[in-house]
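Below: one structure, written as structure tokens.
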Amino acid sequence: MNNDSRLSNSIKNISFGLIAQVSQMILGFISRTIFIRYLAVEYLGVNGLFTNILSLLSLAELGITSAVVFSLYKPLAEKDEKKLAGLINFFSKIYTRIALIIAILGLILIPFLDQIVDNPPKNIADNLTLIYLLFLFNTVASYFMQYKLSLFQADQKTYIISKNNIFIFFFQNIAQIVVLILFKNFILYLIVQSVFQLVGNFIIASKVGKYYPFLKKYKEEMVDETTKKGIYSNVKSTSLVKIGGLLVNSTDNLILNYFSGLVMVGLLSNYNLLIGLASGLIVQVFSSLTGSIANINAIESQEKKVETFHIINFANFWIYGVASVATIFLINDFIELWIGSTFMLPLSVVILLAVNFFMYGMQNAVWQFKITFGFFKQGQYLIILTAIINLILSFAFGWYYGLLGILVATAIARLVTNTWYDPYIVFTLGLKQNPLNYLKKYIKYVVVLIFSILLLFIIDYYLPNFGAFGLLWKTILCIIVTNSIIYFVFRNTTEYKNTRLLVQAVIGKFKSKLTTK
């Protein structure tokens, strides 16, 4: 695949991915608002509870998707249709087994629903099993199409999935809103979701047949035992990463509730919601590049791989850096304007939230290259160590410092493990470079952001209060100051120049497509 094709696919993936993400955010917010207005609050609790239960059951998937997508990169680059067909046939069987495991585990829980859902209202209690079965059906059904989605992801065609999601999600939400307003019926609400999910699956299945007609030609093709062993080995590694990631990212609220109670958990959830919205948009951009990065790592020179990494990493720093500074400088003002000062957290807590957000985000480029290089085994146990350190320190620091201590524990756990080890693996084994080069740039990035934050608070301190327009003014100030500092510090560096050339090429390509249309 040439550079032009990679660029074109990346533009499509990012554009449609962002459109899908933003539309889902807006429609989801409207739908949730109407949900709360027309149904009892207990339905919202059941919705969240069953979603969490089935998320835990989905651990049966154990991160296999990453291993599946990776195994497709090479045959796609080599246009080996027989190998691709064999892999897809093999993966369809794997995902069918996963769906059956989740279905069986889900059905086993039915006798315990009365204990899981404590004293529900009569209208919910009477239909509790049916509601749960609809949730279970939606979860299980998604796995029957996952192997086909993986083919689009590996082939740099996630824009096809995004287009489908925009269409399905729009009409699904409209239908669910109508059901809520006219019937105020939660079961009908869930049935609508099930119907649209099935329709979406059939549409994707038809598109796979259209884009990859050779799958029918080789529908009996099988993969060899060596390939199977390699996939199973990668699955073992990705499963450990998924379990460890769950323990690192999903335990802070439990520990916080133990030490500080539900009120503090509730306050934190507002901040996590806002940070999560920003993270979702950023991740959508970079995840759309994974297929192109895999193609580069499969067929391009070592020099091209190194150049691409530094471009992605620098762009990643710029976007996450500005977002992190904005979090520290603006989020409390937004919370105060949105829901009131009683819901605000101390600045020290906000800073730690931004630190964890930045540390996690700065792993994007490293993780993309690590996965596309196929380094699944390297560091497979380290994420478990990260989780253990996080749990021990969270209990130790949480006892004395509450939420602040728990956030410090998470930052330390990441700093002493994945923050340095994953870059070390990518640089030494993949890029064949000295990992100290990455560390030096990382430190420089952090220093620049600290300087930006200090300068912003100094400027804000000496300027008059702008009243109702304060948040707008501070937002403009944050954008101008942070971006200007990053530009002046890095304007003469190779990564900035290469990133600028890439952005110009993307804009030029986008304009030419608009002109053609």
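- The shortest non-hydrogen separation linking Val140 to Ala99 is CG1-O, 3.7 Å.
- For Lys93, the side chain to side chain contact (heavy atoms under 4.5 Å, CB included) criterion is met by Met222, not counting sequence neighbours.
- Looking at every heavy atom in both residues, Gly106 comes nearest to Tyr132 through O-OH, 2.8 Å.
- Side-chain N or O atoms of Asn418 include none that pairs as donor or acceptor with a backbone N or O of Arg414 at under 3.5 Å.
- Between the side chain of Asn483 and the backbone N or O of Ile479 there is at least one donor-acceptor pair closer than 3.5 Å.
- Listed by chain and number, the residues in a side-chain hydrogen bond (donor to acceptor under 3.5 Å, both in side chains) with Ser92 amount to none (sequence neighbours excluded).
- Here the side chain of Asn89 pairs a donor or acceptor atom with the backbone of Tyr218 at under 3.5 angstrom.
- Aromatic ring pairs are classed by plane angle as parallel below 30°, tilted from 30° to 60° and perpendicular above 60°; the pair Phe314 and Trp318 is perpendicular.
- Inter-residue side-chain proximity for Phe309 and Phe427 is flagged as met; some heavy-atom pair is nearer than 4.5 Å.
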Under 3.5 Å donor-acceptor pairs involving side-chain atoms of residues 203-210, not counting sequence neighbours:
residue	atom	partner	partner atom	Å
Ser206	OG	Ile203	O	2.6

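- A donor-acceptor pair under 3.5 Å is formed between the side chain of Lys432 and the backbone N or O of Leu429.
- Looking at Val446 and Phe358, their side chains come closer than 4.5 Å, going by heavy atoms from C-beta outward.
- Summarising the local packing, CZ of Phe214 is surrounded by more than 12 heavy atoms from other residues, nucleotides or ligands at distances under 6.0 Å.
- Side-chain atoms of Asn138 and Ser194 form a donor-acceptor pair, as typed in the model, at a separation below 3.5 Å.
- Between Gln302 and Gly430 the shortest heavy-atom distance is NE2-O, 2.6 Å.
- Residues satisfying the side-chain hydrogen bond (donor to acceptor under 3.5 Å, both in side chains) criterion with Gln176, sequence neighbours excluded, are Gln172.
- Partners of Trp367 by ring pair (Phe, Tyr, Trp, His ring centres under 6.0 Å), not counting sequence neighbours, listed by chain and number: Tyr360.
- Ring centroids of Tyr95 and Phe91 are separated by 6.0 Å or more, keeping the two rings apart.
- Leu100 pairs by the side chain to side chain contact (heavy atoms under 4.5 Å, CB included) definition with Thr96, not counting sequence neighbours.
- Other residues, nucleotides and ligands place more than 12 heavy atoms under 6.0 Å from the CZ atom of Phe90.
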Determine, stepwise, if the pair Leu84 / Asp80 fulfils side-chain contact (heavy atoms from CB on, under 4.5 Å). CA-CA 6 Å; Leu84 283 169; Asp80 189 342; 5.6 Å; no
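- Tyr487 meets the ring pair (Phe, Tyr, Trp, His ring centres under 6.0 Å) test with Tyr496; sequence neighbours excluded.
- Using the six-membered ring where Trp is involved, Tyr442 and Tyr438 have ring planes that are tilted, between 30° and 60° apart.
- Taking Asn201 as the reference, nothing meets the side-chain hydrogen bond (donor to acceptor under 3.5 Å, both in side chains) condition, with sequence neighbours excluded.
- In this structure Lys441 satisfies the side chain to side chain contact (heavy atoms under 4.5 Å, CB included) test together with His310, Tyr445, Glu495, sequence neighbours excluded.
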Check against side-chain contact (heavy atoms from CB on, under 4.5 Å), Ile88 and Tyr212: CA-CA 11 Å; Ile88 291 300; Tyr212 309 100; over 6 Å; no
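- In this structure, Met359 and Gln363 approach most closely via the heavy-atom pair O-CG, 3.5 Å.
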Derivation of the side-chain contact (heavy atoms from CB on, under 4.5 Å) call for Phe357 and Ile282: CA-CA 12 Å; Phe357 171 61; Ile282 299 171; 4.2 Å; yes
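- Evaluation of the ring pair (Phe, Tyr, Trp, His ring centres under 6.0 Å) rule for Phe202 yields no partner, not counting sequence neighbours.
- Considering only residues two or more places apart in sequence or on other chains, Tyr211 meets the ring pair (Phe, Tyr, Trp, His ring centres under 6.0 Å) condition with Phe152.
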For side-chain contact (heavy atoms from CB on, under 4.5 Å), just list the numbers for Tyr421 and Thr417, CA-CA rounded to whole Å, side-chain angles, deciding distance to a tenth of an Å, and then say yes or no. CA-CA 6 Å; Tyr421 183 79; Thr417 54; over 6 Å; no
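- A donor-acceptor distance shorter than 3.5 angstrom exists from the side chain of Asn316 to the backbone of Gly361, with no hydrogens or angles considered.
- Residues meeting the side chain to side chain contact (heavy atoms under 4.5 Å, CB included) test with Ala413, sequence neighbours left out: Thr386, Ile389, Asn390.
- For the residue pair Ala175 and Phe196, the shortest heavy atom distance occurs at CB-CE1, 3.8 Å.
- Among all heavy-atom pairs drawn from Val322 and Thr482, the shortest one is CG2-CG2, 3.9 Å.
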